[in-house]
Amino acid sequence: MLLSIENQFSGIRQTLEEVVVPHISSPYVRGQVIAVMEILNQMQNWVEYRSDLLEDEISRARVVISSIAEALKALGPEVREATGDFFRERESLEAAAPKDGKELLELRNRTNRLLELSQQLFHKIREIIPPEEKANIEKLLGAHLGYISRRNLKLLRPTLLNKISTGGEEKK
Amino acid sequence: MELKKNLQEFFRKNLRDPGLTLSELVRYTEGWSCETFRVGLTLPDGPREFIIRKQPLVGLISNYNMEKEYRVLKALMSTDMKSPKVFWFEPDPAVMGCPFYVMELVPGEVPVPPMKDEKQVLFPDEKSRRALAGDFVDILVRLHRADWRALGLDFLGDPGPGKGAARAQVKYWEDNIRHDQLEPYPVVTQAVLWLRDHLPEAEKTCIIHGDYRTGNYITRDGRIQAILDWEFVHLGDPMEELAYTMDVGWRSGPPDFLISHLMTESEFLKLYQEKSGLMINKEALEFYRVLSALKMVGMGVGATKAFSGGNARDLRIAVFHYRTYPFLYVLAKTLGVV
């Protein structure tokens with residue numbers, strides 16, 4: 001989820017109220033749009049982030065992070081010490097127990113931030129670790145990034161962008 | 001009402017005609033970043049029409065600079081470039097809420113490419129498609145040949161020789177994404193690391209339109225009359241422009257995947273090379289293909305930030321932010337992980 005659910009609900013409501021409703025001359029149509037605002041307002045407390053998607057992303061990212069953590073550890077105590085923040089955050093994330101969808105989303109974001117840090121660390125050590133280990137991490141990382149990109153794309157429904165662009169009018 | 005009154009005053013002052021009236025103000029729905037309006041004026045000697053390009057309160061990128069766009073278009077008026085004539089730049093937000101400039105209304109139509117899942121062919125007539133394809137490359141070559149120093153466009157920021165242009169673009173888009181992102185994107189991090197490792201040398205530095213494609217020009221009588229939407233204009237490597245124009249997002253669907261719905265990739269590159277005299281650097285194209293994908297993510301992330309801030313009262317921005325997923329997918333694809 002790129003934008004939070006709260007942001008999307010409140011943004012839609014405010015735009016309808018401030019930009020759309022004042023331009024509608026028909027009281028009936030105005031009432032219909034205000035009804036949409038009301039529905040969104042009521043719906044908000046019944047909607048939550050999909051935990052299956054977030055948990056899936058977290059567990060897959062952890063596999064990549066672990067492989068990089070192992071490579072770092074194998075480089076000796078100096079590297080282990082220099083990357084102390086990385087290891088502390090990893091332990092903290094593994095101990096986390098999110099209570100609801102919002103906390104799970106935050107855990108997903110923290111995990112991805114740690115994955116980004118892992119990618120940067122791997123980039124630095126990739127030429128000094130054994131080639132087969134480097135190849136294995138690259139394979140895991142690529143597979144993870146590819147999987148998440150494909151998965152998120154598949155969640156999208158056909159878009160009405162062109163219709164939105166032309167204001168609903170057919171155009172050549 | 002206040003907006004119309006302000007604009008009427010603006011035109012009265014600039015056209016030195018205290019009697020003119022603003023008879024029409026229509027906002028176009030096309031254009032996902034800058035706001036575009038058509039203005040109809042009634043003057044004693046007849047009606048006149050203009051186009052206003054206004055900086056959005058928030059849009060697809062964080063750092064809009066309408067003055068930059070205006071100054072480039074003003075400078076190009078002295079060349080044979082197919083760009084719209086511009087008249088005035090107004091920095092004072094008191095008039096329209098944000099800076100804007102006024103340009104000519106170029107008669108014609110903007111061909112809007114259909115979505116990939118639509119069966120429609122944009123240019124079904126072979127002869128007119130070929131004519132447009134010729135114009136498309138001709139105009140691009142003219143832009144890339146333009147002497148930006150002589151035109152006084154140094155203010156766009158010379159990225160310097162060698163790898164300067166590539167380095168500047170990676171930094172620009174990385175900074176934009178980092179500034180706007182509301183959540184981490186590991187695929188972006190991977191792309192930035194790859195790009196930094198593969199910076200190509202530019203053969204020359206030229207003016208880059210930055211969004212050169214079908215959808216951003218006006219046609220009339222089967223020919224291109226004016227190139228629009230200059231908000232991404234900058235100085236850079238011509239290979240950057242070619243790679244962006246060749247991006248999968250701007251192509252027609254299968255089986256031909258025509259560049260900007262006009263010509264095949266090999267036709268485009270051959271024609272550009274012949275007309276420009278520049279060699280096509282395949283490695284640089286590969287680099288800029290990844291950069292173009294990163295740039296698209298940058299726009300999606302920009303839309304996300306814009307809508308989250310509460311200032312974007314435009315649901316099109318909220319819709320556009322969902323395009324970030326396809327953009328992230330394409331970025332992953334250019335990196336070879338899907």
Side-chain angles (χ1 to χ4, degrees), chain A residues 1-4 6-8 10-12 14-20 61 64 105-106 108-120 122-124 138-139 141-169 171-172, chain B residues 28-32 109-118 120 122-124 181-194 196-197 215 300-301 303-305 307-310 312-326 328-333 335-338:
Chain A
M1 183 59 74
L2 304 157
L3 262 176
S4 73
E6 296 79 6
N7 253 320
Q8 295 190 56
S10 65
I12 295 167
Q14 285 171 22
T15 309
L16 292 178
E17 186 175 5
E18 295 168 22
V19 180
V20 180
V64 184
L105 178 72
E106 182 47 33
R108 194 283 310 259
N109 288 345
R110 279 179 66 194
T111 306
N112 273 342
R113 272 191 285 275
L114 188 66
L115 176 59
E116 288 188 322
L117 178 59
S118 312
Q119 290 168 260
Q120 283 156 1
F122 172 61
H123 192 72
K124 284 181 187 163
E138 281 174 343
K139 196 176 160 194
L141 179 60
H144 172 68
L145 297 177
Y147 171 83
I148 295 299
S149 308
R150 264 194 310 272
R151 186 200 73 176
N152 291 344
L153 185 73
K154 281 182 186 166
L155 287 168
L156 282 185
R157 293 182 173 180
T159 181
L160 298 173
L161 266 180
N162 263 19
K163 223 169 174 178
I164 296 166
S165 252
T166 57
E169 288 171 11
K171 195 166 179 178
K172 262 201 278 181
Chain B
Y28 287 122
T29 52
E30 288 100 340
W32 292 79
E109 62 175 41
V110 178
V112 178
M115 298 305 290
K116 286 271 186 294
D117 50 2
E118 294 174 15
Q120 187 191 343
L122 187 61
F123 303 114
Q181 67 183 150
L182 301 176
E183 58 180 23
Y185 302 111
V187 73
V188 166
T189 298
Q190 200 60 23
V192 170
L193 290 170
W194 186 90
R196 285 188 196 146
D197 283 346
V301 170
T304 307
K305 176 68 180 283
F307 198 74
S308 76
R313 293 286 175 264
D314 183 349
L315 291 178
R316 297 180 313 157
I317 298 284
V319 169
F320 189 83
H321 109 276
Y322 279 102
R323 304 319 295 163
T324 310
Y325 288 124
L328 286 165
Y329 173 81
V330 171
L331 183 61
K333 206 168 177 184
L335 291 171
V337 297
V338 283

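So that the names make sense, note that chain A is the first sequence line, chain B the second, and so on, each numbered from 1.
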Enquirer: At a heavy-atom separation under 4.5 Å, does I12(A) approach chain B through its side chain, its backbone, both, or neither?
Expert: both
Enquirer: Side chain to side chain contact (heavy atoms under 4.5 Å, CB included) with T189(B): which of H123(A), E116(A), R113(A)?
Expert: E116(A)
Enquirer: Which atoms form the tightest heavy-atom contact between K305(B) and S308(B), and what is the distance?
Expert: O-OG, 2.9 Å
Enquirer: Please classify the contact between Y185(B) and chain A as side chain, backbone, both or neither, with a heavy-atom cut-off of under 4.5 Å.
Expert: both
Enquirer: Heavy-atom distance under 4.5 Å to chain B: side chain of Q119(A), backbone, both or neither?
Expert: both
Enquirer: At a heavy-atom separation under 4.5 Å, does L16(A) approach chain B through its side chain, its backbone, both, or neither?
Expert: side chain
Enquirer: Counting only non-hydrogen atoms closer than 4.5 Å, does L141(A) touch chain B with its backbone (N, CA, C, O), its side chain (CB onward), both, or neither?
Expert: side chain
Enquirer: So which of L331(B), V338(B), V330(B), L193(B) has the largest heavy-atom pair count under 4.5 angstrom toward chain A?
Expert: L193(B)
Enquirer: Which distance, rounded to the nearest 0.5 Å, do you find between the CG of L182(B) and the OG1 of T324(B)?
Expert: 10.0 Å
Enquirer: Mind listing the closest non-hydrogen atom pair of V187(B) and L335(B) along with its distance?
Expert: O-CD1, 3.9 Å
Enquirer: Would you name the heavy atoms of P326(B) and L153(A) that are closest together and state the gap between them?
Expert: CA-CD1, 3.5 Å
